[in-house]
Amino acid sequence: MLKTLGAQVKEFKRASIATPFFMILEVIMEMIIPLMMASIIDDGVEAGDMHHIYVVGAFMLVAAAIGLFAGVMGGKYGAKASTGFARNLRQAMFKNIQTFSFSNIDKYSTAGLVTRLTTDVTNLQNAYQMILRMCMRAPSSMIIAMVMAFTISPRLASIYLVAVLILGCCLFLIMKNATSYFQQAFPKYDDLNASVQENVSAIRVVKAYVREDYETKKFRNASSNIYKIFCKAEGNLSFNAPMMQFTVYSCILLISWLGAKMIVGSELTTGQLMSLLTYCMNILMSLMMLSMVFVMVTMSMASAKRITEVLNEKSDLDNPEKPDYEVPDGSIEFDHVKFSYRKGDGKPVLSDINLSIKSGETIGIIGGTGSAKTSLVNLISRLYDVTEGCVRVGGKDVRSYDMETIRNEVAVVLQKNVLFSGTILENLRWGDANATEEECKRACRLACADEFIERMPDGYQTYIEQGGSNVSGGQKQRLCIARALLKKPKVLILDDSTSAVDTATDAKIRKAFLTEIPETTKLIIAQRISSVQDADRIIVMDDGRINGFGTHEELLKNNEIYREVYESQTGGGGDFDEKGGDQ
């Protein structure tokens with residue numbers, strides 16, 4: 001874990017080294033000042049030597065100035081190192097998340113990843129700054145002050161040593177109890193963020209069903225869980241201050257009482273007693289600082305584990321050693337394919353799939369909910385890898401291709417496609433960053449998106465809100481289809497991506513595909529028979545297996561599932577597409 005996190009310090013190593021250097025320099029200056037103060041009292045004030053007072057006083061000013069400068073520089077470099085460390089952590093996590101396969105993404109919730117990138121990183125940033133500053137300052141201050149105290153009076157310094165040992169043991173027990181609570185707290189942030197994210201993204205549904213009170217209660221419960229855990233943790237830590245105060249005042253009383261006796265017996269000077277009292281405060285305040293560092297480190301340990309988990313997560317999909325960078329054509333073959341989302345002990349989602357699709361064919365795919373239609377097409381662009389068997393595109397195993405190449409040649413319009421904040425043109429150019437405006441318009445004509453875009457005041461420069469909230473479901477689907485077409489793929493997969501489009505427009509889109517991109521292999525997943533009945537062949541899926549594969553007419557004769565669906569959809573006097581297809 002330390003090696004993984006330490007690698008993110010990168011270009012901030014100098015700042016990370018400079019910070020403790022300046023903190024130690026500041027401590028040295030602070031430790032010298034009490035000795036000078038003792039010299040002023042003993043050799044200057046009591047002896048009546050003004051020259052000595054002026055000289056030592058001047059040295060004290062210089063030491064104070066150096067200490068002040070060191071403190072400022074330590075703060076500056078500490079802030080630079082910790083914020084840089086946090087920046088690198090966020091960048092490294094975000095970059096690694098981009099490499100995740102779908103199966104890797106399935107391990108984490110969206111809210112959990114957001115918490116790791118925000119709250120958890122902030123905790124590590126604060127902990128790192130405290131480690132560089134206080135964790136260097138406090139031990140060095142305590143050690144130097146202890147050495148100085150023993151140099152002046154071993155007898156009185158022993159009081160410090162005993163106090164530090166007792167206090168250290170007590171703080172360790174307190175920290176140990178608090179740690180378990182902090183480890184429970186941060187996963188609760190995931191629940192809180194999930195509640196907020198879900199509520200905000202679905203605010204229209206919340207209001208439509210008048211569920212504001214329910215959502216407020218759910219948020220309050222998530223917030224209360226964090227509150228309760230932190231109360232317990234902070235309740236343990238609340239013993240720190242009273243213990244420190246008790247120890248400080250006890251040491252001051254003992255040193256003052258014993259020190260006064262030693263001054264009377266000429267074993268100690270007044271200046272030395274003042275120095276010892278100053279060192280007493282330094283030692284005990286250093287211990288207090290260390291306790292604060294332990295608290296912050298304790299809090300950040302849970303965050304560190306969660307961040308390391310994301311940084312060390314490796315995609316289970318890798319490029320081969322010598323990948324192919326060219327897909328010959330859009331032919332597709334499934335050879336005894338078996339697939340499970342959980343490798344090893346997972347229940348098969350697809351079982352013994354055998355298919356052969358020619359390049360340029362239009363293939364319809366229908367089946368009930370949960371029949372594994374989406375799982376089938378996800379294997380073609382290698383969003384997942386098969387458990388057994390082989391999927392070939394262009395006559396080659398998809399695992400032999402460079403992943404970027406195969407995904408550029410197999411365009412997928414998913415069930416839940418997303419538009420990003422930006423103009424319509426910017427969204428379209430996700431398909432091809434170098435596409436001209438005319439190419440974008442052609443893709444929109446094929447997807448029947450041009451008709452509503454041209455009615456918008458700003459046309460293709462119309463701004464799309466986050467998630468495409470200012471366009472309808474059907475408009476969003478057509479823009480996503482146009483975006484996929486701009487890739488000029490050899491295989492185009494439409495995963496129920498015309499479900500929000502009226503049947504007449506659906507028919508226009510299919511007709512445009514037939515005439516404008518005849519060489520592209522088209523796989524259309526749909527719930528409506530009318531969307532696939534004109535396809536060259538149709539796959540009927542049932543419980544992860546192929547129940548039927550043939551033309552519309554063949555399936556009507558030979559496949560019971562297909563026939564039942566067709567009759568249920570057309571039994572009311574025909575389908576709307578009978579009219580729409582001719583328009």
Side-chain angles (χ1 to χ4, degrees), residues 98 325-332 359-363 377 380-381 383 393-394 401-468 470-495 497-498 500-501 504-524 583:
Q98 302 310 304
Y325 291 96
E326 185 177 351
V327 180
D329 56 52
S331 62
I332 301 168
S359 181
E361 272 194 299
T362 299
I363 303 295
V377 297
I380 298 172
S381 57
L383 297 176
V393 174
Y401 287 112
D402 169 67
M403 282 194 289
E404 189 173 325
T405 298
I406 187 67
R407 288 174 185 172
N408 274 328
E409 294 293 357
V410 180
V412 184
V413 184
L414 299 169
Q415 283 177 310
K416 294 182 180 179
N417 260 288
V418 176
L419 294 176
F420 297 87
S421 52
T423 65
I424 288 177
L425 272 179
E426 288 171 347
N427 271 277
L428 291 171
R429 284 175 177 147
W430 274 66
D432 181 0
N434 300 314
T436 64
E437 188 169 341
E438 186 53 44
E439 287 175 322
C440 291
K441 288 180 178 180
R442 178 180 179 275
C444 287
R445 283 195 294 273
L446 288 175
C448 295
D450 59 323
E451 55 190 44
F452 72 84
I453 294 174
E454 290 170 359
R455 289 199 302 267
M456 292 179 168
D458 297 322
Y460 286 83
Q461 296 301 326
T462 300
Y463 190 83
I464 300 294
E465 301 293 340
Q466 185 179 11
N470 59 332
V471 290
S472 71
Q475 290 171 340
K476 185 189 297 186
Q477 285 186 336
R478 282 181 275 176
L479 286 172
C480 290
I481 293 171
R483 182 171 66 187
L485 289 171
L486 274 172
K487 296 178 77 170
K488 302 179 180 67
K490 288 187 169 64
V491 178
L492 175 64
I493 299 171
L494 304 181
D495 187 356
S497 52
T498 57
V501 175
T505 303
D506 184 16
K508 288 180 182 179
I509 293 172
R510 286 185 282 108
K511 190 173 182 180
F513 286 173
L514 184 65
T515 57
E516 298 292 335
I517 50 172
E519 295 180 359
T520 299
T521 305
K522 298 163 281 292
L523 279 72
I524 303 171
Q583 293 180 356

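Treat the numbers as computed from the prediction; the structure is a model and nothing was measured.
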Those residues that, when tested against E409, pass side-chain hydrogen bond (donor to acceptor under 3.5 Å, both in side chains) (two or more places apart): none
Donor-acceptor under 3.5 Å (S359 side chain, G330 main chain): yes
Any residue meeting side-chain hydrogen bond (donor to acceptor under 3.5 Å, both in side chains) with D495, in chain and number order, not counting sequence neighbours: T374
4.5 Å side-chain heavy-atom contact, T521 and V393: no
Residues that T405 engages under side-chain contact (heavy atoms from CB on, under 4.5 Å), provided they are two or more places apart: Y325, V327, D402
Within residues 423-439 or reaching into it, pairs that qualify as salt bridge (charged side-chain N to carboxylate O under 4.0 Å, His left out) - sequence neighbours excluded: E437-K441, E438-R445, E439-K488
All side-chain hydrogen bond (donor to acceptor under 3.5 Å, both in side chains) counterparts of T520, not counting sequence neighbours: none
Ring pair (Phe, Tyr, Trp, His ring centres under 6.0 Å) contacts in which one or both residues fall within residues 416-438, not counting sequence neighbours: F420-W430
Shortest non-hydrogen contact from C444 toward L428: SG-CD1, 3.6 Å
CD (E326) with more than 12 external heavy atoms under 6.0 Å: no
Ring pair (Phe, Tyr, Trp, His ring centres under 6.0 Å) partners of residues 442-464, not counting sequence neighbours, each pair once: none
From I406 atom CD1 to I380 atom CD1, the distance as rounded to the nearest 0.5 Å: 9.5 Å
Distance in Å, L425 CG paired with T436 OG1, rounded so as to fall on 0.5 Å steps: 10.0 Å
Heavy-atom donor-acceptor pair, K487 side chain to V412 backbone, under 3.5 Å: no
Side-chain heavy atoms of Q475 within contact of I453, under 4.5 Å: no
Straight-line distance of L485 CG to I517 CD1, nearest 0.5 Å: 5.0 Å
Pairwise salt bridge (charged side-chain N to carboxylate O under 4.0 Å, His left out) hits with a residue in residues 513-523, at least two apart: R442-E516
T362 vs R510 side-chain heavy atoms within contact, under 4.5 Å: no
Candidate pair T462 and V471, rule side-chain contact (heavy atoms from CB on, under 4.5 Å), full reasoning: CA-CA 11 Å; T462 300; V471 290; over 6 Å; no
Give the table of side-chain donor-acceptor pairs shorter than 3.5 Å for residues 476-483, with sequence neighbours excluded, one pair per line with atom names and distance.
unit_1, atom_1, unit_2, atom_2, d
K476, NZ, G467, O, 3.0
Q477, OE1, S499, N, 3.3
Q477, OE1, A500, N, 2.9
Q477, NE2, S499, OG, 3.1
R478, NE, G474, O, 3.4
R478, NH1, C448, O, 2.9
R478, NH1, E451, OE2, 3.1
R483, NH1, V418, O, 3.1
R483, NH2, N417, OD1, 3.2
R483, NH2, V418, O, 3.2

Spacing of CG belonging to L494 relative to CD1 belonging to I509, to within rounding of 0.5 Å: 8.5 Å
Heavy-atom pair of closest approach, residues L486 and A443: CG-CB, 3.9 Å
